Amino acid sequence: MGLHWSKADFATGQVRIDRQLCYTKKKSVYETDTKTGNTRFVRLPAETLLLMKQFRAEQAALQIANADRWEGGDYVFTQDDGSHMNQSSVTAWLTKFSARHSLPHINPHAFRHSVASVLIANGTDIVTVSKQLGHSRISTTEDVYSHVIEEAKAKASETITVVMLRRKNG
């Protein structure tokens, strides 16, 4: 939620992740460093970059339509008036979406777990996955995704067996 347009580099296809939005009763919503305090760069596929460009154009049109009511700055994820989006808004939308389509409850953090699981299951090394997630220690990634890592090891073992022992000559 703390991503700024100025942190998206469309030329290199990367976004700089170095901020987050947090909420406490005392401070309300505020922007701060990431949980680990680390900065990471995430490379985005061309399809995502295209969607971001389209979204930015839609947001610019919304800004024009709202004129003097536009409170926004540089946030990617905003409300209709340009102010930063509240994290609970995304959770509420996903809850309604899930109910409307008879799906199990989905929370935004589940997407992060899905990405990590898909990366590991498809052979991405744990160091890369850990850096992508922004974990300060690789052991954190190993602990959280140990079940997926074990499945990937089994798949790797089966791959070796297929190549070395079951391959048909001919």
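Below, each value reflects all heavy atoms present in this structure, side chains not excepted, and no hydrogens, waters or symmetry copies. Every value quoted in this text rests on a predicted model; they were computed, and no experiment measured them.
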List the atom of Y30, the atom of Y23, and the distance in Å for their closest heavy-atom pair. CE2-N, 4.2 Å

In terms of relative ring orientation, are F97 and W93 parallel, tilted or perpendicular, with 30° and 60° separating the classes? parallel

To the nearest 0.5 Å, how far apart are CG in L49 and CZ in R56? 12.0 Å

Looking at F77 versus H84, is the centre-to-centre ring distance below 6.0 Å? no

Here the pair of heavy atoms bringing V148 nearest to A121 is CG1-N, 4.2 Å

Between atom CD of Q20 and atom CG of D18, what is the distance when rounded to the nearest 0.5 Å? 10.5 Å

Report yes if the side chains of V76 and H4 come closer than 4.5 Å at any heavy-atom pair, otherwise no. no

Separation of R43 CZ from T48 OG1 (nearest 0.5 Å): 13.0 Å

I'd like to know if L51 and W5 are part of one continuous hydrophobic network [Ile/Leu/Val/Met/Phe/Trp/Tyr, side-chain heavy atoms within less than 4.5 Å]. no

So OG1 of T34 and CZ of R19: to nearest 0.5 Å the spacing works out to 9.0 Å

Consider only side-chain N and O atoms of S136 and T36, and report whether a donor and an acceptor are under 3.5 Å apart. no

Give a yes or no on whether L133 and F41 share a hydrophobic cluster (residues Ile, Leu, Val, Met, Phe, Trp, Tyr; joining criterion: side-chain heavy atoms under 4.5 Å apart). no

When rounded to the nearest 0.5 angstrom, what is the spacing between OG in S117 and CZ in R112? 11.5 Å

How about V90 and M1: do any of their side-chain heavy atoms sit closer than 4.5 Å? yes

Is it the case that N86 and S89 place a side-chain donor and acceptor less than 3.5 Å from each other? no

What one should report as the nearest heavy-atom pair of N107 and L94 is C-CD1, 3.9 Å

Looking at side-chain heavy atoms only, is the closest gap between R16 and D9 below 4.5 Å? no

In this structure, would Y75 and L62 fall into the same cluster of hydrophobic residues linked by side-chain contacts under 4.5 Å? no

Does atom CZ (R137) have a neighbourhood of more than 12 heavy atoms from anything else shown, all under 6.0 Å? no

Can a donor-acceptor pair be found, under 3.5 Å and without considering hydrogens, that links the side chain of Q14 to the backbone of V42? no

Flag yes if V115 and I17 sit in one hydrophobic cluster, no otherwise; membership is Ile, Leu, Val, Met, Phe, Trp, Tyr, and two members link when side-chain heavy atoms are under 4.5 Å apart. no

Does V118 share a hydrophobic cluster with I149, counting links as ILVMFWY side-chain heavy atoms below 4.5 Å and allowing steps through other members? no

Looking at S130 and I138, what are the two nearest heavy atoms and their distance? OG-CA, 3.6 Å

Kindly give the heavy-atom pair with the smallest separation between L21 and M85, and that separation in Å. CD1-O, 4.0 Å

Is there a donor-acceptor contact under 3.5 Å from the side chain of S83 to the main chain of Q79? no

Validation row: R69, D80 side chains within 4.5 angstrom (heavy atoms): no

Would you say K7 has more than 12 foreign heavy atoms packed within less than 6.0 Å of its NZ? yes

Could you give the distance from CD1 (I126) to NE2 (H135), rounded to the nearest 0.5 Å? 9.5 Å

Please check this pair: side chain of Q132 against backbone of A116, looking for a donor-acceptor N/O pair closer than 3.5 Å. no

Between T78 and W70, what is the shortest heavy-atom contact and its length? OG1-CH2, 4.3 Å

Flag the pair L119 / Y145 as yes when at least one side-chain heavy-atom distance between them is below 4.5 Å, and no otherwise. no

